[in-house]
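Report on the structure given below.
Hydrogens, waters and symmetry mates play no part in the numbers below; they use all other heavy atoms, side chains included. Everything numeric in this text was worked out from a predicted model, so none of it was measured. We name chains A, B, ... by the order of the sequence lines, and we start the count at 1 in each one.
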There are 2 protein chains.
Amino acid sequence: MTHASPRPRRPLTLRDVSEASGVSEMTVSRVLRNTGDVSGATRARVLAVAKALGYVPNKIAGSLASQRVNLVAVIIPSLSNMVFPEVLNGINAGLEGTGLQPVVGVSRYDPAHEEKVLYEMLSWRPSGIIIAGLEHSQAARAMLRAADVSVVEIMDVDGEPVDSVVGISHRRAGAEMAQAIARAGYRRIGFLGTTMPMDHRARKRFEGFTGALARAGLEVADQEFYSGGSGLLKGREMTRAILRRSPDLDFLYYSNDMIAAGGLLHCVDAGLDVPGRIGLAGFNGIELLDGLPLALATTDACRREIGEKAAAIIARAAEAGPAARPERIALAPRLSVGQTLLRGALGGGQDSPVGV
Amino acid sequence: MTHASPRPRRPLTLRDVSEASGVSEMTVSRVLRNTGDVSGATRARVLAVAKALGYVPNKIAGSLASQRVNLVAVIIPSLSNMVFPEVLNGINAGLEGTGLQPVVGVSRYDPAHEEKVLYEMLSWRPSGIIIAGLEHSQAARAMLRAADVSVVEIMDVDGEPVDSVVGISHRRAGAEMAQAIARAGYRRIGFLGTTMPMDHRARKRFEGFTGALARAGLEVADQEFYSGGSGLLKGREMTRAILRRSPDLDFLYYSNDMIAAGGLLHCVDAGLDVPGRIGLAGFNGIELLDGLPLALATTDACRREIGEKAAAIIARAAEAGPAARPERIALAPRLSVGQTLLRGALGGGQDSPVGV
DNA sequence: GTGAAAGCGCTAACAA
DNA sequence: TTGTTAGCGCTTTCAC
């Protein structure tokens with residue numbers, strides 16, 4: 001039983017590896033970090049001993065000594081919908097091979113909570129910060145500015161970023177959908193969205209939407225708001241409600257694809273001709289929903305791409321030093337009319353309302 | 001301009017606050033941690049100075065000194081599907097108010113990558129580890145055992161946990177669905193699942209499923225496998241393919257709700273009578289999909305609850321010291337027959353096949 | 001190619 | 001109630 005290794009009460013340290021291998025702590029450290037010149041023999045021995053012991057370096061000590069942390073703070077409002085996981089995947093992909101690790105915090109669409117989460121994350125001195133949206137409490141903005149690391153605000157470009165920004169213009173996304181709807185000849189437009197006052201992106205889409213409708217001589221004829229999670233059922237219920245109240249609506253614009261999909265299912269069940277009698281559109285471009293009875297008109301929010309580009313900016317800055325110039329990347333929200341928005345006069349004039 | 005504070009090149013330290021407030025570093029530290037007895041006056045002054053300066057404590061240094069870290073490592077296979085975000089929400093909820101913060105790593109259903117992610121996270125000396133599944137590389141198991149912190153393996157209880165475990169029996173989930181199917185009188189059963197050999201839970205469901213079918217004198221008549229993301233479209237395509245090959249199938253069991261939903265949409269489009277001519281069932285109990293043309297038969301995997309309970313175990317152990325006894329929590333997978341599985345002889349015998 | 005000494009920013013333990 | 005001292009485990013820097 002000579003080699004039985006009892007469960008260590010005290011975590012192993014460099015010193016343990018040093019003593020067990022007969023090499024100085026310094027050299028062990030070099031081996032473990034693949035740094036400096038270490039002879040092949042020494043290197044092999046140290047590696048073997050470290051592995052045998054099951055040594056795991058202590059990054060807390062390492063980071064304190066080196067003043068460098070391989071963490072990137074990522075702050076997003078929610079994990080519940082299908083939007084942000086996709087962004088995270090993009091970030092993961094963009095950080096791949098850089099040695100940087102994302103650490104995710106959830107702000108719950110609540111500025112006060114966002115502030116807390118940010119403070120918490122900053123106290124780990126991350127090498128970069130990726131944060132959703134451009135709207136933050138004053139204190140949060142101050143922290144971001146004072147942090148002296150690259151900050152990338154993502155998703156939205158309509159506003160003043162603290163540092164870099166990668167996103168789409170939600171105003172533009174809303175406006176383009178309004179134009180497509182107007183050009184296709186729809187006239188009685190309903191809007192279905194969230195009550196969440198802190199969902200600034202949904203708000204901006206709505207503003208862009210109504211603005212462009214107005215320029216086309218149209219307006220939102222009725223609205224329906226919801227709170228809580230957005231599932232198919234919610235979409236069905238809202239659609240039933242708004243159509244009962246305003247049966248003459250001929251287009252419904254939803255603030256996300258999931259409730260739009262529910263609305264589509266409702267319309268199909270109700271025997272409404274889509275997109276003839278009534279048109280529908282969502283937002284986000286959720287790939288998982290491809291395969292609905294009709295392809296949903298929507299705007300691709302470029303979620304993955306946003307994550308990738310934001311991560312790339314952080315990675316570059318971590319490499320080049322924090323002095324890098326801020327980047328402002330506005331991706332183009334890609335509208336797809338699918339099969340729920342008439343392909344009326346899509347080639348037509350940009351702003352003028354055109355009948356079918 | 002006397003109060004203009006230039007962007008600091010060097011991050012602020014306790015010492016800065018100490019000097020600016022004329023109080024010792026130690027007292028500042030006490031104030032900032034709400035610890036020890038500090039006079040109200042001193043406390044107020046320190047707080048004011050810290051805020052004015054924009055001081056953010058350095059947790060790296062703090063953790064090194066105190067040998068305590070308020071981080072919980074969470075390792076899950078993926079963020080792409082709708083399964084794990086829900087678990088994360090549960091973990092977040094369970095950690096609420098404990099001062100512990102989850103840190104998420106993604107293992108991509110790849111044991112080697114899981115090992116790397118685990119190593120990386122352990123190097124931050126987290127106060128607890130929540131990791132999906134019971135199958136890990138030998139090295140990973142060794143690390144988990146050596147880490148000397150609470151480990152909770154989640155999702156699955158069919159196997160030997162390293163420490164605590166919270167999950168459901170996927171074998172049982174598969175078996176119960178098979179029994180319900182057999183009892184309802186279906187006879188020609190098709191299975192649609194993932195090719196991923198590392199999705200052990202899907203594999204166990206399949207094993208439980210075929211085992212129980214066999215006991216009912218039935219077998220899986222045809223199978224269809226897919227790789228890549230699971231969306232509605234994938235479900236449609238797979239369903240079309242398997243039904244073209246085996247038109248006489250009268251039940252399809254899918255490895256998740258999303259492809260099952262796609263299958264349902266296909267069957268509806270194809271004019272197949274569901275659940276009369278053909279029955280369908282998925283797995284997970286995805287709430288967002290409530291609202292499909294027919295309520296899908298599925299098994300609720302208790303995802304949120306699993307997250308909450310796992311977090312509670314970690315929180316309790318962090319409180320009580322690491323000596324806490326391992327907990328083994330097997331939740332009951334809740335089968336719901338919805339409207340896509342005939343309510344044939346559900347009250348009938350447990351194992352005996354019963355015709356409709 | 002290797003080692004010794006100093007210190008990263010904070011907190012535990014003790015002293016006053 | 002407040003302050004002093006001695007590290008936490010590693011990496012930096014410099015010496016050999």
Show me the donor-acceptor pairs within less than 3.5 Å that the side chains of residues 97-107 of chain B make with the rest of the protein, sequence neighbours left out.
| unit_1 | atom_1 | unit_2 | atom_2 | d |
| --- | --- | --- | --- | --- |
| B/T98 | OG1 | B/L95 | O | 2.5 |
| B/T98 | OG1 | B/L100 | N | 3.1 |
| B/S107 | OG | B/I76 | O | 3.4 |

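B/E25 pairs by the salt bridge (charged side-chain N to carboxylate O under 4.0 Å, His left out) definition with B/R15, not counting sequence neighbours. Residues forming a side-chain contact (heavy atoms from CB on, under 4.5 Å) with B/V38 (at least two apart in sequence, or on another chain): B/T27, B/R30, B/V31, B/T42, B/R43. Judged as a side-chain contact (heavy atoms from CB on, under 4.5 Å), and not counting sequence neighbours, the contacts of B/E135 are B/D156, B/H200, B/K204.
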Heavy atoms under 4.0 Å is the rule here; annotate nucleotides 11-16 of chain D 5' to 3' with B where the base is hit, S where only the sugar-phosphate is, and - elsewhere.
BBB---
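Of the candidate nucleotides D/dT2, C/dG3, C/dT2, D/dT2 has the atom lying nearest to any side-chain atom of B/T42.
Residue B/N58 is classed as a sugar-phosphate contact, given heavy-atom separations below 4.0 Å to backbone atoms only.
In this model, the phosphate group of D/dG7 is not approached by any side-chain N or O of B/Q67 to a distance below 4.0 Å at OP1 or OP2. The shortest distance between the side-chain N/O atoms of A/T27 and the OP1/OP2 oxygens of C/dG1 is not below 4.0 Å. Side-chain nitrogen and oxygen atoms of B/S39 include at least one within less than 4.0 Å of the OP1 or OP2 phosphate oxygen of D/dT2. Contact check, B/Y55 against C/dG9: no side-chain N or O comes under 4.0 Å of OP1 or OP2.
Taking a cutoff of 4.0 Å between a charged side-chain nitrogen and a carboxylate oxygen, A/K309 and A/E327 do not qualify as a salt bridge.
Judged as a side chain to side chain donor-acceptor pair (under 3.5 Å), the pairs with a partner in residues 53-68 of chain A (not counting sequence neighbours) are, in order, A/K59-B/E120.
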